[in-house]
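Taking it in order: structure first as structure tokens, then the write-up.
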Amino acid sequence: MNRRSIIKAAAASSATLSLPSFSPFAFAQTAWPRQPIRIIVPTGPGSSLDLIVRSISERLKEKLGQAIVVDNRPGAGGLLGTDLVAKATDGHTFGISFNGPLAYAPFLYAKLPYRLPEDLAPIAITSSQPNVLAINANLPVKNINELVALMRQKPGQLNFASIGNGSSSHLSMELLKSATKTFAVHVPYNGSPPSALAVANGDVQMIMAVPPAVIPHVQSGKVRIIGVTSKQRYQPLPEVPTLAESGVAELKDFEAIAWNGIVGPANTPADVIAKLNAEINAALKDSAIAQRLATGGLTPLTGTPADLAKLMSDENKKWGPIIKRTGATLG
């Protein structure tokens with residue numbers, strides 16, 4: 001074999017040996033995700049949002065092949081954590097958020113650290129949770145119709161608690177007041193435990209809050225639940241009527257739910273969004289995960305990124321006028 005033939009043979013051999021680097025396996029090695037995935041939770045450990053993320057994280061780890069790092073970043077009513085998601089640049093940071101930062105915030109804050117909806121990419125709806133309308137057991141009403149009648153009879157003489165100014169707990173009651181043209185005095189508390197306790201003690205007469213907040217006081221006999229704010233009855237409390245079916249004409253279309261969703265930075269690639277959406281939906285359909293969420297009073301939901309985008313937009317339009325009516329501001 002002459003020198004030229006030897007060089008050609010060596011080149012051919014080298015090309016053959018290099019082929020594995022262009023194989024489908026090699027491409028798979030560089031596909032997303034390439035590192036652990038961080039999911040920011042804008043509330044503390046033990047919260048409902050924390051429960052959702054920790055419930056689905058193990059399955060996501062198995063399906064995506066990377067560790068899921070749950071990063072709790074509470075503060076500023078959820079704005080702190082949501083802003084960290086909006087400004088993330090590593091391609092592997094996402095977050096769970098809720099009504100406040102995703103729909104109410106533009107009306108509650110003079111200036112937001114991120115733009116809605118421009119700075120966030122909707123990925124997946126995760127769950128919803130209704131509020132319940134609960135009253136002190138000594139209040140002389142048996143149902144929603146009688147409560148509305150009493151509010152009309154005594155404008156401004158009844159008080160209602162909330163878990164905080166501008167919260168779903170607060171705004172759900174404001175929606176009832178707006179629909180029925182009644183007036184009750186808002187008394188905001190710092191979170192669910194003190195606000196529910198205030199109703200149990202009779203410091204205020206009523207509250208709209210998520211079921212787990214008031215159930216202990218219902219069990220003690222100090223609080224009664226007379227309505228639920230979802231359009232359909234709440235499965236764990238099937239005997240409790242919805243406000244829409246209460247017989248109060250102005251409430252026939254009433255709905256006020258707390259909802260959550262996974263979002264990412266606005267520049268998240270479409271294929272990454274699609275992959276995350278598919279795996280999150282699959283996790284939420286898992287019976288063990290669904291049961292775990294149900295124990296926390298949460299109803300798992302599934303949907304497309306477009307579904308979450310529509311929910312954010314619809315809720316923004318619905319609650320904006322209610323927030324303006326209350327004059328509530330948070331900063």
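Source: prediction; values computed, not measured.
When hydrophobic clusters are built by joining Ile, Leu, Val, Met, Phe, Trp and Tyr residues whose side-chain heavy atoms come closer than 4.5 Å, directly or via intermediates, I225 is not grouped with L147. Under a hydrophobic clustering in which Ile, Leu, Val, Met, Phe, Trp and Tyr are joined whenever their side-chain heavy atoms come within less than 4.5 Å, directly or via other members, I56 and I273 fall into the same cluster. I257 and I163 sit in two unconnected hydrophobic clusters of ILVMFWY residues. Membership requires side-chain heavy atoms under 4.5 Å apart, directly or through other members. Residues M206 and V148 share a single hydrophobic cluster, defined by chaining ILVMFWY side chains whose heavy atoms lie under 4.5 Å apart. Hydrophobic cluster membership is shared by Y114 and V263, with clusters built from Ile, Leu, Val, Met, Phe, Trp and Tyr side chains linked at under 4.5 angstrom.
Between I96 atom CD1 and I52 atom CD1 the span is 4.0 Å, to the nearest 0.5 Å. Residue L84 holds its CG atom at 5.0 Å from CG of L80, rounded to the nearest 0.5 Å. Rounded to the nearest 0.5 Å, atoms CZ (F94) and CD1 (I39) are 8.5 Å apart. Taken to the nearest 0.5 Å, the OG atom of S55 stands 9.0 Å off from the CG atom of L284. Distance check, rounded to the nearest 0.5 Å: CG of L197 to CG of D203 gives 7.5 Å. Here the CD1 atom belonging to I123 is positioned 11.5 Å from the CG atom belonging to N281, to the nearest 0.5 angstrom.
In the model, N316 has no side-chain atom that pairs as donor or acceptor with a side-chain atom of S313 under 3.5 Å. Side-chain contact annotation: N145 with S246, donor-acceptor N/O pair under 3.5 Å absent. Using a 3.5 Å distance cut-off with no hydrogens or angles, the side chains of W259 and Q129 do not pair a donor with an acceptor. Side-chain polar atoms of N131 and S168 form a donor-acceptor pair below 3.5 angstrom. Donor-acceptor pairing under 3.5 Å is lacking for the side chains of D50 and S47.
Taking the charged nitrogens against the carboxylate oxygens, R59 and E62 have no contact shorter than 4.0 Å, which rules out a salt bridge. Look at K318 and D314 and you find no salt bridge, because none of the NZ, NE, NH1 or NH2 atoms lies under 4.0 Å from a carboxylate O. Under the 4.0 Å criterion applied to side-chain N and carboxylate O atoms, R152 and E250 are assigned as salt-bridge partners.
Without hydrogens or angle criteria, R73 side chain to T82 main chain gives no donor-acceptor distance under 3.5 Å. A donor-acceptor contact shorter than 3.5 Å links the side chain of S57 to the backbone of R54. A donor-acceptor pair is defined here as one N or O able to donate and one able to accept, closer than 3.5 Å; no such pair exists between the side chain of K275 and the backbone of A270. At distances below 3.5 Å, not a single donor-acceptor pair connects side-chain atoms of K231 with backbone N or O atoms of A244.
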Begin from the C-alpha positions of V132 and T229 and carry the test side-chain contact (heavy atoms from CB on, under 4.5 Å) through to its verdict.
-> CA-CA 6 Å; V132 292; T229 63; over 6 Å; no

Give the C-alpha distance, both sets of side-chain angles, the deciding distance and a yes or no for side-chain contact (heavy atoms from CB on, under 4.5 Å) between I135 and Q205.
-> CA-CA 6 Å; I135 60 174; Q205 287 77 45; over 6 Å; no

How far apart are the C-alpha atoms of R233 and E245, what are their side-chain angles, what is the distance that settles it, and do they pass the salt bridge (Lys or Arg N to Asp or Glu O under 4.0 Å) test?
-> CA-CA 10 Å; R233 292 201 179 196; E245 64 180 324; 2.8 Å; yes

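The two residues Y109 and A76 come nearest to each other via the heavy atoms OH-O, 3.3 Å. In plain terms, the two heavy atoms of A184 and M151 that are nearest each other are CB-CE, 4.1 Å. When all heavy atoms of L293 and P300 are compared, the pair lying nearest together is CD1-CG, 3.9 Å. The two residues L79 and A105 have their closest heavy-atom pair at CD1-CB, 4.2 Å.
Within 6.0 Å of CG in D271 there are more than 12 heavy atoms belonging to other residues, nucleotides or ligands. More than 12 heavy atoms of other residues, nucleotides or ligands shown are found within 6.0 angstrom of CD on Q153. Other residues, nucleotides and ligands contribute over 12 non-hydrogen atoms within 6.0 Å of the NZ atom of K87.
In summary, of the residues considered (I226, L150, V199), a side chain to side chain contact (heavy atoms under 4.5 Å, CB included) with L139 occurs for L150 alone.
Classification of the F160-H186 ring pair by plane angle, with boundaries at 30° and 60°, yields parallel.
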